[in-house]
2 protein chains.
Amino acid sequence: MSNKNKANITELLRASKLSITDTRVKILELFMNSNGALEHSSFEKLAGQTFDRVTVYRTLQTFLDKGIIHSIPTTDTSIRYALCKSECTEHNHHDHHVHFKCEECGNTICLDDTDVPEIHLPKGYAMHNIDVVVSGVCKQCK
Amino acid sequence: MSNKNKANITELLRASKLSITDTRVKILELFMNSNGALEHSSFEKLAGQTFDRVTVYRTLQTFLDKGIIHSIPTTDTSIRYALCKSECTEHNHHDHHVHFKCEECGNTICLDDTDVPEIHLPKGYAMHNIDVVVSGVCKQCK
DNA sequence: CATTGTTTGCAACTTAGTTGCATAATATGA
DNA sequence: TCATATTATGCAACTAAGTTGCAAACAATG
């Protein structure tokens, strides 16, 4: 991990008015070093380091609340999380990209350049958020 | 539950080459009588009847395998299930409708008439399935 | 209606997620 | 840079979700 990234992390936490703690910095490092969405259990596997389960749950919840990460819905038992783009703030998420889950490697990634298309709901429905999850086979697994 | 529905259920199970058992019939009745997607725990709450947890898990898995129901991804801890339309078969799902989760009542429904739009993935990705989940406020809760 | 094969229920287990509280670490202001 | 107020962490103990193996019960078939 470069010093530049370390500085970014510190800045990111400060911008969200979060105190800078070891756990938070290390979890953010994991996000930055991984090229896919992470599930809770990743934090026990990845890195030699282990974190207390409860701390991981609370840290992820804090990051969600602050708009630092977003959650990706699944039909299996593990919710995945990925870093938000810089345009996201506490009260205004702009994660309007498509998520892709590879059936081969199991990896879930954000397709940042693939926009979620407009969807016209029937009359009477108010839309707050759209989640699009595509499953298939990724570039690497072909 | 009308006799007509009972007959439908029997027929549906027979068409999927599943033996007709009490549990399967009753779980399908619950699906037909509810106007939204059901989560696992619904089957213990709904109806005076209780089913063994393990039986519910296995029944839902069987229905998924046979294309009788489909699962709806969530970012909370409970996967939801809804009946498939008749065009779905064991090896060919056509659930290309949008799912809507109401933030007020918590209900999740299939918007059968709202099609999932075309999505153009980056080069090298093969698409097998698309899940779209919209959250907001439903007609009833406004 | 007896036999075969499938489904169910139970027990016991693993994994996921939550809550309360004491301890430890961070931020801040003198 | 130190003392204090505030916040985060780790532990224990818990609830909820999901799985596996096996014996008993049931459905399909001839």
Assign T62(A) to base, sugar-phosphate, or nothing according to its heavy-atom contacts below 4.0 angstrom with the strands shown.
nothing

In whole Å, I'd like the distance from the [atom1] atom of [X] to the [atom2] atom of [N].
X: F43(A); N: dT15(C); atom1: CZ; atom2: P; answer: 18 Å
X: K17(B); N: dT29(D); atom1: NZ; atom2: P; answer: 12 Å
X: R24(B); N: dT6(C); atom1: CZ; atom2: P; answer: 11 Å
X: Y57(A); N: dA17(D); atom1: OH; atom2: P; answer: 13 Å
X: R53(A); N: dA13(D); atom1: CZ; atom2: C1'; answer: 12 Å
X: H40(B); N: dG18(D); atom1: NE2; atom2: P; answer: 7 Å
X: F63(A); N: dA8(D); atom1: CZ; atom2: C1'; answer: 12 Å
X: L64(B); N: dG18(D); atom1: CG; atom2: P; answer: 12 Å

State, without any angle test, whether Q61(B) and D65(B) hold a side-chain donor-acceptor pair at a distance under 3.5 Å.
yes

Considering only nitrogen or oxygen atoms on both sides, find all protein atoms under 3.5 Å from nucleotides 21-29 of chain C and state each distance.
| unit_1 | atom_1 | unit_2 | atom_2 | d |
| --- | --- | --- | --- | --- |
| dA27(C) | OP1 | I20(A) | N | 2.9 |

Answer yes or no: does a side-chain N or O of T55(A) lie under 4.0 Å from OP1 or OP2 of dG10(D)?
yes

Within a radius of less than 6.0 Å around CD of E103(B), do more than 12 heavy atoms belonging to other residues, nucleotides or ligands occur?
yes

I'd like to know if D76(A) and K101(A) make a salt bridge, using a cut-off of under 4.0 Å between side-chain N and carboxylate O.
yes

Considering all heavy atoms, the nearest I72(B)-A82(B) contact:
CD1-CB, 4.2 Å

Kindly give the heavy-atom pair with the smallest separation between V137(A) and C102(A), and that separation in Å.
CA-SG, 4.0 Å

Inter-residue atom distance D113(B).CG - L121(A).CG, 0.5 Å rounding:
12.0 Å

Nearest-nucleotide 5' precedence on DNA chain C, V54(B) against T77(B):
V54(B)

Identify the residue among F63(A), F43(A), Y81(A) that makes a ring pair (Phe, Tyr, Trp, His ring centres under 6.0 Å) with F31(A).
F43(A)

